**Q** 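Before anything else, here's the structure in question.
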Amino acid sequence: MLGEFRRELARIFEQRVRDLYAIDHTAIVEVPPRRDLGDLALPGALQLARDLKRNPRQIGEEIAAELELPDWVREVKVQGAGFLNIYLDRGSVAAAILSRPLFEAPESGQKIIVEHTNINPNKAAHIGHLRNAVLGDVLSRVLRALGHRVEIQNYIDDTGVQLADVVVGFLDIRGLSRDQIAALPEPFDYYCWDLYAEVGAWYAEDESRLEHRRATLQALEHDTGERAEVARLIARRVVKRHLETMARLGIGYDLLTHEGAILGRNFFAKAFEQLKARGAVKLEESGKNVGCWVMPLAESEEFAGLEDPDKVIVRSDGTATYVAKDIAYQMWKFGLLGDDFGYRYWDEAGIWQTVADDEGGDERPLAANGEKRPEFGAAERVINVIDARQSYLQKVVRVGLERLGFESQAERSIHFAYEMVSLSTAAARQLGFLSDEDDDEDAGSLEMSGRKGIGVKADDLIDQLIDKSREEIRTRNRELPDDELDALAADIATAALRFFMTKATTTRVIAFDFEEALNFEGESGPYLLYSLVRAGNIWRRLEQEGLATEITPEQVTELPAELWQDDLWDLVYAVAQTDGRVEAAGETLEISLVARHALDLAQKFNALYHKHPILQEKDDNVRAVRLATTRVFSTGMRALCDLLGLPTPERM
RNA sequence: GCACCCAUGGCUCAACUGGAUAGAGCAUCGGACUACGGAUCCGAAGGUUGGAGGUUCGAAUCCUCCUGGGUGCACCA
């Protein structure tokens with residue numbers, strides 16, 4: 001909202017400078033550090049002083065003298081070295097928030113692909129995966145609010161070692177048949193979780209058993225035989241569970257991209273031809289990488305100093321590495337490959353998936369509900385939500401694009417890196433991953449590992465959060481029918497979890513702790529929801545008392561200016577700045593800015609709630625100002641909750 | 001060895017990307033009118049921002065070195 005005002009002010013200022021000095025000047029509009037310096041500040045006179053070789057203060061006075069100002073400006077003061085400080089008309093700002101959209105969709109909306117979640121389809125999702133999915137989901141919501149067209153992809157590595165290992169577990173350790181695997185009861189991903197950890201130990205006992213892995217991997221790559229068929233079944237069942245888990249938190253996808261489809265469609269072969277043609281890869285004829293196609297990285301500054309600056313792209317057995325497949329995939333995302341996937345509807349939830357074959361040759365098959373399939377890929381910007389440990393690989397992929405001559409695409413291929421989630425010492429101990437003996441306090445946090453079966457499963461955590469929510473609702477003596485209780489508990493749990501995952505800066509490792517995650521007080525999702533519920537309660541009570549619950553923007557504008565006290569204005573102005581905060585989050589990919597801003601609004605509102613009661617207030621105008629503030633708050637908070645994906649129950 | 005990330009009150013984190021008095025939440029202690037619902041609010045206590053230099057009118061923020069912790073540097077993803 002405020003962005004509009006800022007741009008308008010800049011225009012007025014620039015026009016005035018043109019009229020006075022015949023100079024094309026680009027005005028800056030900032031928010032001053034202290035409120036007594038106004039609500040907005042134009043430091044332009046300071047810059048002009050240099051060009052005009054005159055005192056900045058005088059220039060400021062001159063510009064300010066006959067500035068044609070909109071009615072939402074109350075006063076302009078020339079202060080300090082020559083700053084033009086703008087004091088806004090508080091009622092006008094409040095009215096504007098109530099009458100206009102909080103964000104404006106810029107005309108420059110881009111098509112952006114956001115890839116997130118990307119869990120190996122061989123075990124249950126754990127809380128580290130939740131961080132990824134929540135960040136990706138919130139990022140997508142933010143980008144959409146900023147006017148971009150976002151396509152959400154979830155990459156499924158259905159031909160990799162991790163899946164192969166579970167296949168080995170089912171076939172070679174358990175000796176189960178395809179049908180027996182298909183008949184296993186839910187939760188299938190939990191079963192795989194334990195089995196996967198077992199496979200690691202099984203290999204360790206006898207290294208020759210790794211031959212099973214190799215054979216399975218070959219079968220998956222070439223999509224042949226029983227092993228490939230079993231792998232498909234496992235991947236499908238596990239992915240189904242992952243989607244269910246994420247759906248509990250309101251996280252969805254447009255397209256599931258299968259690695260198998262990249263192989264099946266020979267995407268890599270196409271990319272490889274281009275890499276060879278460009279001389280970006282070479283066949284190693286000696287040394288430890290003999291027989292491999294490698295991409296030399298020594299010339300790139302980013303990789304200088306590496307012991308072995310060459311990256312293997314094609315193994316000596318002729319198979320492609322992950323990086324190779326990912327380069328091809330990135331090219332497809334930008335529409336640079338000259339080929340497309342086949343697509344089919346993934347039966348649940350209106351999600352599409354890529355397939356190797358075209359199934360009947362229809363290039364644009366209809367979805368089950370008759371809707372046309374959207375055009376996937378060919379984005380202008382690509383954002384991959386992948387944890388920071390993969391930074392090196394992501395860099396290699398990017399360099400790959402550069403070497404292919406797609407420099408501008410490489411620039412617009414962004415690795416959204418976030419740090420992992422580890423287990424706090426307390427959590428590790430509670431779960432039995434640390435014995436009481438190896439305390440020593442400096443045991444530190446424990447890294448999660450699917451391979452070792454160390455971690456907190458996402459569904460377990462969600463279940464715990466829901467139980468905790470139920471308890472909390474019950475202590476408040478709320479009598480609710482069972483279905484409403486369940487729905488409310490799920491909402492609160494979702495809010496708690498999503499906020500927990502978004503409030504931390506992405507560059508920081510989260511040491512997961514049960515006590516902290518299950519705390520619904522203070523800086524928590526439920527705290528945010530509660531503030532909105534309170535606003536709703538006010539209106540409900542006003543209605544009961546037969547008092548006005550609505551206030552129109554026109555009425556807000558007409559309220560006496562002196563009623564807008566500083567503390568009320570602080571909240572209104574914070575809401576007005578929401579667009580700027582969200583834009584910053586979209587530009588810097590720092591999602592926590594949105595969460596922090598929401599928290600800031602809630603804290604301000606809760607403080608006012610106690611200080612400025614509405615119901616008992618006798619003066620109609622005072623009540624109206626407070627009501628308007630509550631409406632403004634609710635508008636802002638609701639928008640932020642949407643961005644963060646927090647449900648907003650009426651009561652709790 | 002090289003590269004990246006982190007270090008802020010007992011604990012978990014902020015600080016609008018270089019701005020003035022370093023802010024919150026947990027935990028601790030003390031309070032809140034017969035309540036617009038205590039998932040709240042007000043207050044107290046707690047900090048020479050890991051250390052040493054440097055740049056700057058101004059540094060938690062930028063630079064250099066050091067210390068401690070994490071991660072990465074596969075023909076695994």
Side-chain angles (χ1 to χ4, degrees), chain A residues 30-31 33-34 118 120 157 159-165 213 217 259 284 288-294 302-309 311-323 325-326 386-393 395 417 419-420 422 424 442 444-445 447 469 472-473 475-478 492 496 503-505 507-511 513 515-516 519-531 533-542 544-545 577 580-581 584 588 590 592-593 596-597 599-600 603 606-617 626 630 651-652:
Chain A
E30 13 175 78
V31 178
R34 297 195 312 269
N118 302 3
N120 269 301
D157 181 5
T159 60
V161 201
Q162 294 213 24
L163 178 58
D165 280 349
R213 171 193 272 181
L217 214 41
E259 187 164 280
E284 207 70 68
K288 66 168 191 157
N289 291 332
V290 63
C292 298
W293 285 87
V294 301
E302 302 166 279
F303 297 98
L306 278 186
E307 230 172 90
D308 180 12
K311 183 71 199 168
V312 172
I313 296 295
V314 177
R315 304 183 188 105
S316 50
D317 66 359
T319 58
T321 60
Y322 162 78
V323 176
K325 289 176 251 184
D326 212 27
I386 300 175
D387 85 87
R389 283 176 293 188
Q390 301 202 38
S391 295
Y392 164 75
L393 284 172
K395 240 194 241 175
E419 278 294 343
M420 57 167 179
S422 63
S424 73
D442 53 9
S445 56
E447 185 184 353
S469 303
E472 293 288 331
I473 297 164
T475 25
R476 272 149 255 268
N477 296 319
R478 295 274 324 272
I492 293 170
K503 73 173 173 185
T505 320
T507 50
R508 207 179 253 278
V509 175
I510 294 182
D513 190 80
E515 206 181 315
E516 200 198 336
N519 179 23
F520 290 175
E521 286 163 13
E523 296 177 344
S524 70
Y527 177 91
L528 301 190
L529 300 195
Y530 189 55
S531 67
V533 165
R534 282 183 139 172
N537 286 345
I538 296 174
W539 304 327
R540 197 171 300 120
R541 290 283 291 120
L542 284 172
Q544 282 172 16
E545 299 295 321
Q577 290 175 58
R581 307 290 292 187
T588 61
E590 187 46 88
S592 63
L593 289 177
R596 289 274 152 203
H597 189 239
L599 183 64
D600 185 41
Q603 285 174 334
N606 274 329
L608 293 182
Y609 177 88
H610 283 266
K611 221 166 132 191
H612 298 289
I614 295 180
L615 208 60
Q616 291 102 310
E617 179 55 47
R626 293 177 186 175
T630 307
R651 299 196 178 209
M652 57 189 280

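Side chains included, hydrogens not; waters and symmetry mates left out as well; all remaining heavy atoms used. Quick note on labels: first sequence line is chain A, next is B, and so on, each numbered from 1. Just so we're clear, the structure is a prediction, and the values are computed from it rather than from any experiment.
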**Q** Kindly indicate whether the side chain of A:S316 and the base of B:C75 share any N or O donor-acceptor pair separated by less than 3.5 Å?
**A** yes

**Q** Quick check on A:E30: does its CD atom have over 12 non-hydrogen neighbours (other residues, nucleotides or ligands) under 6.0 Å away?
**A** yes

**Q** On the nucleotide B:C5, are OP1 or OP2 found under 4.0 Å from the side-chain N or O atoms that A:T507 carries?
**A** no

**Q** Check step by step if side-chain contact (heavy atoms from CB on, under 4.5 Å) holds for A:E523 and A:E516.
**A** CA-CA 10 Å; A:E523 296 177 344; A:E516 200 198 336; over 6 Å; no

**Q** To the nearest angstrom, how far is A:K611 atom NZ from B:C42 atom P?
**A**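 The distance from NZ of A:K611 to P of B:C42 comes to 9 Å, rounded to the nearest Å.
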
**Q** Side chain of A:N118, backbone of A:N120: donor and acceptor closer than 3.5 Å?
**A** no

**Q** Taking atom C1' of B:A35 as reference, at what distance in whole Å does atom OH of A:Y530 sit?
**A** 9 Å

**Q** Starting at the 5' end of RNA chain B and moving along, which residue's nearest nucleotide shows up first, A:M420 or A:F520?
**A**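 Between the two, 5'-proximity favours A:F520.
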
**Q** Across the strands shown, which category fits A:H597 at heavy-atom distances under 4.0 angstrom: base, sugar-phosphate, nothing?
**A** nothing

**Q** What is the nucleic acid contact for A:E515, judged by heavy atoms within less than 4.0 Å: base, sugar-phosphate only, or nothing?
**A** nothing

**Q** Sort out the partner of B:U48 for me: Watson-Crick or G-U wobble, both distances under 3.5 Å, none otherwise.
**A**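 By the stated definition (distances under 3.5 Å), nothing pairs with B:U48.
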
**Q** Using purine N1 to pyrimidine N3 plus N6-O4 or O6-N4 for Watson-Crick, or N1-O2 and O6-N3 for G-U wobble, each under 3.5 Å, what pairs with B:C13?
**A** B:G23

**Q** Side chains of A:R540 and A:N537: is there a donor and an acceptor less than 3.5 Å apart?
**A** yes

**Q** Does B:U12 have its OP1 or OP2 closer than 4.0 Å to a side-chain nitrogen or oxygen of A:R508?
**A** no

**Q** Counting only Watson-Crick pairs (N1-N3 plus N6-O4 or O6-N4) and G-U wobbles (N1-O2, O6-N3), all under 3.5 Å, who is the partner of B:G43?
**A** B:C29

**Q** C1' atom, B:C62 versus B:U49: distance in rounded Å?
**A** 16 Å

**Q** Between B:G37 and A:N537, is there an OP1 or OP2 to side-chain N/O distance shorter than 4.0 Å?
**A**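 Answer is yes, contact under 4.0 Å.
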
**Q** With both distances kept under 3.5 Å, what pairs with B:C62, Watson-Crick or G-U wobble?
**A**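 WC or wobble partner is B:G54.
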
**Q** Just name whichever nucleotide pairs with B:U8, Watson-Crick or G-U, keeping both distances under 3.5 Å, else none.
**A** none

**Q** Could you tell me whether A:A388 contacts a base, only the sugar-phosphate backbone, or nothing, with contacts defined as non-hydrogen atoms closer than 4.0 Å?
**A**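 It contacts nothing in the nucleic acid.
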
**Q** Can a donor-acceptor pair be found, under 3.5 Å and without considering hydrogens, that links the side chain of A:T321 to the backbone of A:I313?
**A** yes

**Q** Can you see if the side chain of A:Q390 gets near the phosphate of B:A77 - specifically, an N or O under 4.0 Å from OP1 or OP2?
**A**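 No.
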
**Q** Looking only at side-chain N and O atoms, does A:N120 come under 4.0 Å of OP1 or OP2 in B:A77?
**A**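 For B:A77, neither OP1 nor OP2 has a side-chain N or O of A:N120 closer than 4.0 Å.
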
**Q** Are OP1 or OP2 of B:G38 and a side-chain N or O of A:Y527 less than 4.0 angstrom apart?
**A**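 No, because none of the side-chain N or O atoms of A:Y527 sits under 4.0 Å from OP1 or OP2 of B:G38.
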
**Q** Using purine N1 to pyrimidine N3 plus N6-O4 or O6-N4 for Watson-Crick, or N1-O2 and O6-N3 for G-U wobble, both under 3.5 Å, which nucleotide pairs with B:C73?
**A**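 Per the H-bond distance test, B:G1.
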
**Q** Please pick, from B:G37, B:C75, B:C26, the nucleotide with the shortest atom-to-atom distance to any side-chain atom of A:E521.
**A** B:C26

